[in-house]
Amino acid sequence: MQNPRRLAAEALLRIERGGYPNLVLPSLLAHSGLSPRERAFATRITYGATERRRMLDARLSPYLKKPLSRLDAEVRAVLRAGLYQILYIDVVPVPVAVNESVKLVRAMGKSSAAGMVNAVLRRAAGPWQPVFESELQRLAVQYSVSDEIAALLWRSYGPGAEKILGASYETPRLVVRVNTLRGSAEKLQQLLQQQGITTRKTALPDALELLDAGDVTALEAFQAGLFHVQGLASQFAVQQLGVQPGQRVVDLCAAPGGKAATMAQQMQNTGELLCGDSASGRLSLIESLFNRLGVSCASVQRHDAMRPFAAGQGAHRVLCDVPCSGLGVLAKKPDIRYKDLKDLPGLIETQKKILEQGAALLLVGGRLVYSTCTVNPAENGAVVRDFLAQNPGFRLCEIVPEIEGARREDGMVTFLPGEADTDGFFVASLERVW
């Protein structure tokens, strides 16, 4: 049986080597033999130490004789995991966190570092009074993001950047989409209530917030395909398409399939829903979701959204939920926090090409939604404005309903963490008028 602290340290090692937390951790947990409580403990350490890595490193570094980067990777992982427990897990006393970290570093074959781990953690647990060279450095270290992300958010939102970054430490709401092909919101609420799970209605129909639900994939209602997990902002984006039964609908970047599943429900499983994604390994995720939910009006195929999509011509509706920097979902994907953004110019060009290809599929009178899960204006409104300037046959559509905290500008909507109680998200709805 695996030790939860050891498992967390192993996960941190893999993440540091380029693994994604949402893939690394389930893989390690699958055969760990840990109890649910131990799994939750290991998960909290892994995500927490990843999320706050830069700040943890800043607190550890003054007490090290050589740079943290020159320590063995196993020692770095143990130090970060240990300090995270000391600072953020109240039920773990400091002596316990220190002693367990010393045991762990020995168990991982680094006994020579045991004394150093003991001394450094005890000193790092004390008061911290850092001196920063600039406001940007403070933001980057305090909220554990790259210098580039801190600078981008400051340029875009000024002092409001701190509210956005602060919200990235908050636990995201768990919102689900009711599968209306198999039942109503009221029936799902009743069923979940019988299982001791509290639900709350949201600003959108058939979108419910689940409170204290734990592992939703273990719920009978989930396994029966009565709902799928989908954030409120994502459901809002789909709603702007105004999908109708019997229509021809295209989702150009469909994986993992949540938005397409919602559209299939709005289509009442009639018409034709074409789902493409460039990564062949992700197509099975879409198909698995459709099978669980009973979606039968959709077809899934590998397709590069930057290229013409002959099968999608003559579409009534097109969704372009494009690849993006992900700066709106830092709370869900802590590995994004440390991006250097060097690929951003190429990413924006990709977004523009996908929007152009999606627009080429539309019938006159058809509607397209362009959406991202980032709060970077250069990937959002700037892309749409550039498209409209070059394509006078398109216009922006009115976006409804009002969502509390959403920012509206030129007919487009941005959800900012800390203002709207959703993921950071952008939505623009366009109509082909000729």
Side-chain angles (χ1 to χ4, degrees), residues 12-24 47 49-58 61 67-70 73 76 80 132-158 160-162 164-165 168 252-253 255 277-279 281-282 304-307 320-357 370-387 414 416-417 423-426:
L12 292 175
L13 281 173
R14 296 191 187 187
I15 293 167
E16 186 178 47
R17 292 167 183 158
Y20 295 103
N22 63 322
L23 299 178
V24 166
Y47 273 92
T50 300
E51 182 179 64
R52 297 181 185 266
R53 188 181 72 201
R54 186 167 186 181
M55 187 278 299
L56 294 172
D57 289 358
S61 293
L68 194 65
S69 60
R70 292 178 56 193
R76 280 197 301 274
R80 288 165 176 164
F132 298 109
E133 296 178 1
S134 66
E135 178 66 3
L136 281 181
Q137 186 189 56
R138 182 188 70 81
L139 286 175
V141 173
Q142 182 173 331
Y143 296 104
S144 286
V145 294
S146 67
D147 292 342
E148 293 82 0
I149 289 177
L152 186 154
L153 292 176
W154 184 266
R155 287 196 306 271
S156 302
Y157 300 103
E162 183 146 20
I164 294 171
L165 289 170
S168 74
L252 280 179
C253 307
D277 201 272
S278 60
R282 290 164 60 85
D304 183 348
M306 291 189 290
R307 299 183 179 277
C320 296
D321 185 55
V322 299
C324 68
S325 60
L327 300 183
V329 290
L330 298 180
K332 291 181 176 178
K333 299 182 178 180
D335 48 296
I336 292 176
R337 310 180 82 92
Y338 309 108
K339 282 187 174 181
D340 59 17
L341 303 182
K342 64 182 180 182
D343 298 328
L344 194 54
L347 181 60
I348 292 172
E349 288 305 309
T350 295
Q351 294 164 345
K352 290 180 177 180
K353 290 177 181 178
I354 293 174
L355 177 53
E356 291 167 359
Q357 293 299 334
Y370 174 88
S371 62
T372 75
C373 59
T374 187
V375 295
N376 178 16
E379 300 174 69
N380 296 339
V383 171
V384 174
R385 292 186 189 97
D386 183 67
F387 172 81
T414 302
L416 293 180
D423 294 332
F425 216 84
F426 172 83

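Numbers here simply count residues along the sequence, with the first being 1.
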(request) Kindly indicate, with the supporting measurements, whether the criterion side-chain hydrogen bond (donor to acceptor under 3.5 Å, both in side chains) is fulfilled by Asp340 and Ser146. (result) CA-CA 6 Å; Asp340 59 17; Ser146 67; over 6 Å; no

(request) Apply side chain to side chain contact (heavy atoms under 4.5 Å, CB included) to Met306 and Glu349, showing your working. (result) CA-CA 10 Å; Met306 291 189 290; Glu349 288 305 309; over 6 Å; no

(message) Apply side chain to side chain contact (heavy atoms under 4.5 Å, CB included) to residues Ile354 and Cys320 and explain how you reach the verdict.
(response) CA-CA 7 Å; Ile354 293 174; Cys320 296; 4.2 Å; yes

(request) Decide side chain to side chain contact (heavy atoms under 4.5 Å, CB included) for Leu139 and Val145; before the verdict, give the C-alpha distance in whole Å, the side-chain angles of both, and the deciding distance to 0.1 Å. (result) CA-CA 8 Å; Leu139 286 175; Val145 294; 5.9 Å; no

(request) Please test Leu68 against Arg80 for side chain to side chain contact (heavy atoms under 4.5 Å, CB included), starting from the C-alpha separation and ending with a verdict. (result) CA-CA 10 Å; Leu68 194 65; Arg80 288 165 176 164; 3.9 Å; yes

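Residues Leu344 and Ser325 approach most closely at CD1-CB, 4.4 Å, considering heavy atoms. Minimum interatomic distance between Tyr370 and Gln351 (heavy atoms only, all atoms of both residues): OH-CB, 3.5 Å. Looking at every heavy atom in both residues, Thr50 comes nearest to Pro21 through CG2-CG, 4.4 Å. Heavy-atom minimum distance, Gly326 versus Ile336: O-CD1, 3.7 Å. Considering all non-hydrogen atoms of both residues, Ser168 and Glu51 come closest at O-OE2, 3.4 Å. Contact detail for Leu136 and Ala150: the closest heavy-atom pair is CD2-O, 3.7 Å.
More than 12 non-hydrogen atoms from other residues, nucleotides or ligands lie less than 6.0 angstrom from CZ of Arg385. Heavy-atom neighbours of Tyr20 OH from other residues, nucleotides or ligands within 6.0 Å: at or below the threshold of 12. Atom NZ of Lys339 has more than 12 neighbouring heavy atoms from other residues, nucleotides or ligands inside a 6.0 Å radius.
Residues Lys342 and Glu148 have side chains not in contact (no heavy-atom distance under 4.5 Å, counting atoms from C-beta outward). Asn376 is not listed as a side-chain neighbour of Leu341, based on a closest heavy-atom distance of 4.5 Å or more. At least one side-chain heavy atom of Arg17 sits less than 4.5 Å from a side-chain heavy atom of Leu13. Considering only heavy atoms from C-beta on, Cys253 comes within 4.5 Å of Pro323 through its side chain.
At distances below 3.5 Å, not a single donor-acceptor pair connects side-chain atoms of Asn380 with backbone N or O atoms of Phe426. Formation of a donor-acceptor pair under 3.5 Å by the Tyr157 side chain with backbone atoms of Val375 is found in this model. Checked by atom type and distance alone, the side chain of Arg337 pairs as donor or acceptor with a backbone atom of Tyr143 at under 3.5 Å. With hydrogens and angles ignored, the 3.5 Å screen pairs no side-chain donor or acceptor of Arg14 with any backbone N or O of Val24. Counting only distance, with no hydrogens or angles, the side chain of Arg53 and the backbone of Ser144 share no donor-acceptor pair below 3.5 Å.
We find the CG-CG distance between Asp277 and Asp304 to be 9.5 Å, quoted to the nearest 0.5 Å. Rounding to the nearest 0.5 Å gives a distance of 6.5 Å between CD of Glu379 and OG1 of Thr372. Between the OH atom in Tyr47 and the NZ atom in Lys333 there is a gap of 10.0 Å [rounded to 0.5 Å]. Distance check, rounded to the nearest 0.5 Å: CG of Asp335 to CG of Leu330 gives 9.5 Å. Here OG1 of Thr350 is found 12.5 Å from CG of Leu355. Values are rounded to the nearest 0.5 Å.
With respect to the salt-bridge test (charged N to carboxylate O, under 4.0 angstrom), the residues Asp147 and Arg54 qualify. Look at Glu135 and Arg138 and you find a salt bridge, because one of the NZ, NE, NH1 or NH2 atoms lies within 4.0 Å of a carboxylate O, short of that distance.
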